[in-house]
Structure formats: structure tokens, C-alpha cells
Amino acid sequence: MTASRTNRLAVTIAGIHMKNPVMPASGCFGFGREYAQFYDLNRLGAIAVKATTVEERQGNPTPRVAETPGGMLNAIGLQNPGLEDVIAHELPWLEQFTELPVIVNVAGTVIEDYVQVAERVSEVPNVAGIELNISCPNVKCGGITFGTDPDIAAQLTAAIKKVSKVPVFVKLSPNVTDVVTIAKAVEAAGADGLSMINTLLGMRIDLKTRRPVLANGSGGLSGPAIKPVAIRMIYEVSQQVKIPIIGMGGIQSADDVIEFFMAGASAVAVGTANFVDPYICPTIIDELERKLDEFDVGSISELTGAGWKR
Amino acid sequence: MDKGVLSVVSNEQIAERIFRMEVEGELAGRMTRPGQFVHVKCGAGIDPLLRRPISICNVDTDKKRLTMIYRVEGHGTRVLSEYVPGQPLDILGPLGEGFPVEGRQAGEHALLVGGGIGVPPLYYLGKQLKQRGVRITSVIGFGTASQVFLERELAELGDVHVVTIDGTAGVQGLVTDVLTGEYGLGMSDWDVLYSCGPLPMLRALQDKYQPAGKEGYISLEQRMGCGVGACLACVCPVQEQGEGRKYRKICSDGPVFPLGEVRLS
């Protein structure tokens, strides 16, 4: 037996050791304070915190969320307290969780913004990695505009790699014709890993007002409804790149985690499901160990790419 | 706050599109603060996916029973209206900051103003105020007579003025139409205001009583995601754009705010 019973869930992605492969997804968990009221965050494999920009952002007008069958649309608009506040208050607060690698989601309007945030947060002792947000669909400048052009995505990745002291994951948008091209471009530019997928662009219209439900018009679709899209994209990309993938998009159960691993993920992030069940991450982690027995697997990392490996 | 599975005791229609549901379980015993809310999973599957925020209308902490009154508005509340006694209901709560009652003195006069589905939380509040010896006057507004509810229950706590837009029950007009000296509800006739209802109603109350320096608390409604302050779906701006946070989260900083704290635009 190669893996002892205690670390069957452990994974290492781009040098970051995680005691289990489950982290809450950026934007769905704030900076952890709210969910720390429910359970010890040390139970998580890692935490991906809310997108951070140079300056404080107020976000979009409300309504910011709308429900769809098996999913939800959001257009929060990267609301966050800004780089200095995150460094002064949020990241130090997370230091109490000594067994919790922190991944900071970095966003901006121009390349210089991303560079400034990435450089500063990567120097913070408890920050284990950076997730480059080149896929937010809800801001007018930056965000998704960086994630739909392979050259620009690569340029940004290279600039961040120059300044970052920690591994850099690039969060990819599904709103592209060929996600593999973008993935290969950022890998060539030095990305240490990929996060996929961000939300799909969507819209709902209110029948009474005849106007979009969201004040922003369109929003990002998340939840179980997008899981097959995520699985397909990870399945395609993981066969074409060598860097690890944090899989996300509608995960609700340990079975879903196994499916993402089989598609090619090396770790996973749980997003929308936190809103439905605040205990979902520890529940999935507990269930995963039993699933490994059910599927007769020694350690979870053996499953990465099992869906396409011969 | 916690997540719990409660058991449906009853679930019946009490007015046009209005249902009263009673549930029982350990979690209900912890719902002691009026004005807080619960986040309810309507149905077990992924559609509807998100929870629905519903106000706490009454709690019997001894029997561990929670009463919710909700209006069937969309898919989630329609599913909720189909629950039958004995069925389990997944509830997250109690959530948010409720109506402050500490420090209220016997002999004070509280004005409770509710509109439509904003009326229910005022009942649990009124009960607690009455226990403190506070005199209560309720002003409750509805669209039409068939939508009126909780009139009898609120009448057990004090005076009740019913207002309907079409005049089929009580006074014709809006709740603000009876907040005059003519009804003994002029500016100087009461000590504190508590209100929950549609945004235009809350705005009218804030515009009228904030400049006068009256003490009052309003409870807001908004589409929510997580219900615990993490997702930032339900924010509203503060009036004073000075130092500190420029917004409030309705789910966790609210849903109750003092008059003048948030901008109701």
C-alpha cells in the first residue's frame, strides 16, 4: 500500500501541499470569516479568497443575483475592500488557521494593477498561491477581456510570474471558442497551474418589467447547471497541458469531485454549493474518504485524468 | 446560527397567496430575537437551488416551534406551499441583526408599521415589546381585503389600523395616510418606530421621520445568495459616505437598520 490511510486525500499542486483536495472557490466564501462561524477552516484543503484589486471596489447595483434551473447568475462586480485592507486585515486574520494554504484571487483593470496586487500579496507569509482572475464576466474593463485573447493572457501571466514569489494559477473563462489555446498560451508563459472554469455568461429577463433581472444585465452562471461544461473543458485541457488544474463548476458532492478528478483535475473548488449548505466543504471531505473505498482507489491523486488515461 | 432539519407541523393558506407554516425542531428554540430571518431550502433537489429568506413571525421557544408567514411569489415559495405536516424542512438560522428591544421602557409607545408580506416579523416584535410593558399601535397596509392577515393577532397586542389601497378593508390609502394627528399617530404621539415592508413605504417613513430625529428601525428585503454575509449579493449603500465601509450587507448587518443608516434608492 503506497498511501497510508491518513493521507489518501492529500494532494500537491504546483508545490502547494493540501491535506485534502477541496477548497472553497473565490467569490463564494468571502475571506472565510462568515463560514468560520460554522466550522474550523483548518479542515479545508486550502481557501481561495475573494478577488482583490488595487483600490476598494463597490461592485454593481442590485439585484446582483438571480436563480436559474440548477444554477444562479451573479453580477457582484468584484466588490472588495482593496489591496491594503486585505493585507492589513483579511490575510492576518487567516493566520490563525495554521494548516490552511491561502490562495489570493487577483483582479484588475490593466496589467499594472494585476502586477501590483500580485507582487504585494505574494510577499504575505500565509499566502501559498495566486489565482489570476482573467475571467470575471461582470466588470467593464479587465477581467474577461484578459481571458479571451491568448496573447494578452500570456502577456499578463508572464508579467505576474516575474513578480510573484508563490505559484500562479490562471483562472480560465469558459466564454471562449477554444479554451485549449488559451490554456497552452498561459502554460507557455509560465503559469504554474490552471483554475477552471469561471462562470458562463448568462441572462434572465423579468416577464413583468420586460427588463433583465440583474441590474448589470448579464451575469455569470454557476452551480450544477454548468458542471458538464466544466468537465468537458477540463477533460480537453488536461490532455494538452502538463500543469495541474483546480477543477470547479457546480460541485455539490464527493461524486462530483471524483468526476472532476477523472476529467483531469488535481484539486477542486466548491463555489455556489456553499450558499445552499454552509457545511458542504467538510461534508464532501468526509464523504471523499468513503468514496475512495467505494471505487477501490488508494489515493485520490491516482484518479487525475482517469477519464482519458489509457 | 446553525443549519437544522425541522419538521412541518402545519402549512395552510390564510389569505390571498399568503401561507402560514409552523415547524418544530431544536433550532427553533434558539430563535429568540425578533426581526431575524431564516434561510429555507425549498425542496430537496437542485431546482430551486438557492435558499429563500423568510422572516420569523413567531416562536414558541418552549415547544421549539417557529411560525413563518410567506407569500407565494415564485418557484421556491410555490414548492414551499406544497409541504405537508411531518415533512422535514432544511432551515439555516436564525440569521441577521433583528429589531432592538433592549432598553425599551414600560409606558413607552411603539409604532409598528407593516406593509404586505412585511407584516409578519412585527408580531414577534410586538409580543416582546408588550412583555416589557410597551404600548403598541400597529398600522398594517395591504392591497385589498382578501390579502389582509395578522389583524386579529396584532389586535391582542394593542391598537391596529388596517389600510388597503382599494379601501375594501379599513382605511383607503397607504399606511402613511393614517400616521397623522387625526388618528393619534402624529409625530409626537409615539416614541419609537419599527417597520417592515416594501421599499417605497420604508423610504416614505425614513424621509418623514429621519429629519425629525425620531428613533426608528426599518427591515429591508433583497434577493440573497448565501444569507450569511459572504457572497455580497444583498448590499445597500450607507447614507454617510465617510470613513469605514460604504455599504451594508442586508443579510448579516441587517435586515434591520436604524432610520438614516442606509440609502433607500
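First the proteins, then the strands, lettered A, B, ... as listed; each starts at 1.
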Notebook entry, point to check: Do the side chains of A:Q252 and B:L49 get nearer than 4.5 Å, heavy atoms only?
Noted result: yes

Check: Salt bridge or not for B:R223 and A:E67, using N-O below 4.0 Å?
Finding: no

Notebook entry, point to check: By a 4.5 Å heavy-atom criterion (distance strictly below it), what part of B:L50 contacts chain A: side chain, backbone, both, or neither?
Noted result: both

Next item on the list: Counting only heavy atoms closer than 4.5 Å, note whether A:Q37 contacts chain B via side chain, backbone, both or neither.
Entry: side chain

Check: Atom CG of B:L232 and atom CG of A:L78: how far apart are they, to the nearest 0.5 Å?
Finding: 11.0 Å

Checklist line | Top contributor to chain A contacts, counting heavy-atom pairs under 4.5 Å, from B:V235, B:L92, B:D90 | finding: B:V235

Check: Are a donor atom and an acceptor atom from the side chains of A:E34 and B:S252 found within less than 3.5 Å of each other?
Finding: no

Notebook entry, point to check: Using non-hydrogen atoms only, which part of A:V213 is less than 4.5 Å away from chain B: side chain, backbone, both, or neither?
Noted result: side chain

Notebook entry, point to check: Counting only heavy atoms not in A:E55, do more than 12 sit closer than 6.0 Å to its CD atom?
Noted result: no

Note to self: On a heavy-atom basis, which atom in A:V276 and which in B:R51 lie closest, and how many Å separate them?
What the structure shows: O-NE, 2.5 Å

Notebook entry, point to check: Does CD belonging to B:Q206 count more than 12 external heavy atoms closer than 6.0 Å?
Noted result: yes

Next item on the list: Starting from the C-alpha separation in whole Å, work towards a yes-or-no answer on side-chain contact (heavy atoms from CB on, under 4.5 Å) for A:Y35 and B:V228.
Entry: CA-CA 8 Å; A:Y35 291 96; B:V228 298; 3.9 Å; yes

Check: For A:P278 and B:K3, which heavy atoms make the closest approach, and how far apart are they?
Finding: CD-CD, 4.1 Å

Notebook entry, point to check: Roughly how far, to the nearest 0.5 Å, is the CZ atom of A:F29 from the SG atom of B:C226?
Noted result: 10.5 Å

Margin query: I need the minimum non-hydrogen distance between A:V65 and B:G225, along with the two atoms involved.
Written below: CG2-N, 4.5 Å

Notebook entry, point to check: Which atoms of A:F38 come close to chain B, meaning under 4.5 Å heavy atom to heavy atom: side chain ones, backbone ones, both, or neither?
Noted result: side chain

Check: With only heavy atoms counted, which part of A:F31 is less than 4.5 Å from chain B, the side chain, the backbone, both or neither?
Finding: neither

Next item on the list: Nearest 0.5 Å please: distance from the CD1 atom of A:I76 over to the SG atom of B:C231.
Entry: 5.5 Å

